[in-house]
Colleague: 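I'd like to ask you about the structure that follows.
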Amino acid sequence: MNQKMEEERAKEEETWSRETVPKVMRIVSSRLPQRDLISLLLVSPSLHRTLLSYSSLWLVIDLREMNNAGNRLIAALSMPRYQNVKQINLEFAQDIEDRHLDLLKTKCLGSLQNLESLNLNGCQKISDKGIEIITTACPKLKVFSIYWNVRVTDIGIQHLVKNCKYIVDLNLSGCKNISDKSLQLVADNYQEIESLNLTRCVKLTDGGLQKILLKCTSLKSLNLYALSSFTGEAYNKISLLSHLCFLDLCGAQNLSDEGLACIAKCKNLVSLNLTWCVRITDAGVIVLAQGCTSLEFLSLFGIVGVTDKCLEVLSSFCSKTLTTLDVNGCVGIKKRSRDELLQLFPYLRCFKVHS
């Protein structure tokens, strides 16, 4: 009797190991952070084999904020499981330099051929040379981000557009040494681009931005945060971006009501940051509210020229969509209680008023 029970238990355990565990791991592992997934490889040989059999689990290499990232990346891409990697995240990773990218191209070229997304945010030791090396190895790249890199210049962007023809999402935020030449390159080569971040690219002028606005009309997201040098002539042309959903103009000191009226023609706009756009008045916000009736996020932070009048019009046209409204520092708008705000905007989840 005992022997029969032991045989049945052994059979159940075998079935559990062979059938149930793989099914459970297929569900659970796809929702785990990659670092936890790697830890699971050490649990048992059978679990190791099970996880490796699912190639879809090994499309991402995440080395965010990790030390010795250059050597770690080379080691990872040398493993068979990462031969079809789609995404590499090195955001604020330490110890990643041009020489590591050169070694990657030499040793792991095959594993980079299908890469679609590369995040080099905060990797300040990467230069134009590194951009040249890695882009020649990644012809299918679609998403490229080099936030806060002061070494990369127009030469690096020239390498990018030459080697990577399919970019749709480009983050150049904080790249203070790129100029209008880079925007010309982007406009000429990436006319299907959907997302562009130019935050704090301080060398840019109206000429460069207008090239983008005239040619990159598929843009859905445009970030011009902390760029005060553009003029009304450039802002007026934002109206050409009929697909635009996200626009950040924080600090746009030359944006007038006329320019905001042009932006109001972007009917699909969902998120608009007008923080410190000090020339804006009720007139501009009223036209915006009437044109952009799908707004979910709107910041008027620090604009002293707006009053309760624009708030009432926003309530009339955007009350069913607005979930975040920032009127902090708008001295012409009276302070309201949460209940009063909800009467104007019943779907508001984030209230930012006078503090």
Side-chain angles (χ1 to χ4, degrees), residues 142-144 154 157 160-161 165-173 175 178-275 277 279-281 283-300 317-318 321:
K142 296 179 180 178
V143 180
F144 187 59
D154 297 329
I157 305 305
L160 174 67
V161 301
K165 304 298 184 182
Y166 308 109
I167 296 293
V168 293
D169 187 328
L170 180 60
N171 185 350
L172 302 176
S173 173
C175 296
I178 68 167
S179 72
D180 287 346
K181 183 177 179 181
S182 286
L183 295 195
Q184 178 74 70
L185 289 165
V186 171
D188 289 342
N189 292 275
Y190 297 141
Q191 294 180 20
E192 300 302 315
I193 192 169
E194 297 181 358
S195 178
L196 180 62
N197 191 333
L198 300 173
T199 294
R200 292 194 173 94
C201 295
V202 294
K203 290 186 177 181
L204 304 181
T205 71
D206 270 18
L209 179 58
Q210 289 189 60
K211 288 181 173 63
I212 293 292
L213 299 176
L214 288 169
K215 289 192 173 184
C216 300
T217 54
S218 294
L219 275 170
K220 296 179 180 179
S221 175
L222 179 62
N223 197 326
L224 303 176
Y225 182 98
L227 293 173
S228 59
S229 60
F230 299 132
T231 71
E233 186 178 354
Y235 293 128
N236 291 349
K237 288 186 172 61
I238 291 177
S239 62
L240 298 172
L241 306 180
S242 59
H243 301 287
L244 198 64
C245 297
F246 173 95
L247 179 62
D248 195 327
L249 295 174
C250 175
Q253 296 179 14
N254 295 319
L255 177 66
S256 65
D257 288 337
E258 178 188 354
L260 193 54
C262 291
I263 291 169
K265 296 176 182 177
C266 300
K267 304 295 185 182
N268 294 310
L269 207 57
V270 171
S271 177
L272 178 60
N273 186 358
L274 296 175
T275 296
C277 294
R279 294 182 60 190
I280 297 300
T281 70
V285 179
I286 288 171
V287 176
L288 175 75
Q290 294 169 337
C292 300
T293 55
S294 297
L295 276 177
E296 297 176 10
F297 173 99
L298 177 64
S299 175
L300 303 174
F317 288 90
C318 304
T321 58

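Predicted, not measured: the structure shown is a model, and the values here were computed from it. In this chain, residues are counted from 1 in sequence order. FYI, side chains are in, hydrogens and waters are out, and symmetry mates aren't considered; it's all heavy atoms of this structure.
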Colleague: Quick one: are Leu295 and Leu272 in side-chain contact, heavy atoms under 4.5 Å?
Modeller: yes
Colleague: Closest approach of Arg279 and Ser256, non-hydrogen atoms and distance?
Modeller: NH2-CB, 3.9 Å
Colleague: If every non-hydrogen atom of Ile212 is compared with every non-hydrogen atom of Leu183, which pair is closest and at what distance?
Modeller: CD1-O, 3.5 Å
Colleague: Counting heavy atoms not belonging to Gln191, are there more than 12 under 6.0 Å from its CD?
Modeller: yes
Colleague: Side chains of Ile238 and Phe230, heavy atoms from C-beta outward: is any pair under 4.5 Å?
Modeller: no
Colleague: To the nearest 0.5 Å, what is the distance between CD (Gln184) and OG (Ser179)?
Modeller: 10.5 Å
Colleague: Please examine the side chains of Gln290 and Ile286, heavy atoms only from C-beta on, and report whether any two atoms are closer than 4.5 Å.
Modeller: yes
Colleague: Would the distance check show the side chain of Lys165 and the main-chain N or O of Val161 forming a donor-acceptor pair, the cut-off being under 3.5 Å?
Modeller: yes
Colleague: Just to verify, which of Leu170, Leu227, Val186, Asn223 counts as forming a side chain to side chain contact (heavy atoms under 4.5 Å, CB included) with Leu198?
Modeller: Leu227
Colleague: Heavy atoms only: give me the nearest Cys262-Ser239 pair and the separation to one decimal.
Modeller: O-CB, 3.1 Å
Colleague: Can you tell me how far apart CG (Asp169) and CZ (Phe144) are? Round to the nearest 0.5 Å.
Modeller: 11.5 Å
Colleague: Within the distance-only criterion (no hydrogens, no angle test), does the side chain of Asn254 pair as donor or acceptor with the backbone N or O of Ser228 below 3.5 angstrom?
Modeller: yes
Colleague: Can you give me the closest heavy-atom contact between Ala187 and Cys216, atom names plus distance?
Modeller: CA-SG, 3.8 Å
Colleague: Measure the CD1-CG distance between Ile193 and Leu222 for me, rounded to the nearest 0.5 Å.
Modeller: 9.5 Å
Colleague: For Thr321 and Thr293, what are the C-alpha separation, side-chain angles and deciding distance, and is it a side chain to side chain contact (heavy atoms under 4.5 Å, CB included)?
Modeller: CA-CA 8 Å; Thr321 58; Thr293 55; over 6 Å; no
Colleague: Once you round to the nearest 0.5 Å, how far does CG of Asn189 lie from NZ of Lys215?
Modeller: 9.0 Å
Colleague: Can you name the nearest heavy-atom pair linking Cys266 to Cys292, along with the distance?
Modeller: O-SG, 3.4 Å
Colleague: Examine distances only and state if a side-chain atom of Asn268 and a backbone atom of His243 form a donor-acceptor pair shorter than 3.5 Å.
Modeller: no
Colleague: Hey, does Leu255 have a side-chain heavy atom less than 4.5 Å from the side chain of Leu274?
Modeller: yes
Colleague: What's the shortest heavy-atom distance between Val285 and Leu300, and which atoms?
Modeller: CG2-CD2, 4.1 Å
Colleague: If we ignore hydrogens and angles and just use 3.5 Å, is the side chain of Asp206 paired with the main-chain N or O of Thr231 as donor and acceptor?
Modeller: yes
Colleague: Distance from Ile280 atom CD1 to Gln253 atom CD, nearest 0.5 Å?
Modeller: 12.0 Å
Colleague: Could you check whether any side-chain heavy atom of Tyr235 comes within less than 4.5 Å of a side-chain heavy atom of Leu249, counting everything from C-beta outward?
Modeller: yes
Colleague: Is it the case that over 12 heavy atoms from other parts of the model lie below 6.0 angstrom from the NZ atom of Lys237?
Modeller: yes
Colleague: To the nearest 0.5 angstrom, please state how far the CG atom of Leu269 sits from the OG atom of Ser271.
Modeller: 7.5 Å
Colleague: Taking the side chain as everything from C-beta on, heavy atoms only, tell me whether Val287 gets closer than 4.5 Å to Leu260.
Modeller: no
Colleague: Is any side-chain heavy atom of Asp248 less than 4.5 Å from a side-chain heavy atom of Phe246?
Modeller: yes
Colleague: Please check: side-chain N/O of Asn197 versus main-chain N/O of Ser173, any donor-acceptor pairing under 3.5 Å?
Modeller: no
Colleague: Counting C-beta onward and ignoring hydrogens, is there a side-chain heavy-atom pair between Leu209 and Leu204 closer than 4.5 Å?
Modeller: no
Colleague: Kindly check if the number of other-residue, nucleotide or ligand heavy atoms within 6.0 Å of CZ (Phe297) is above 12?
Modeller: yes
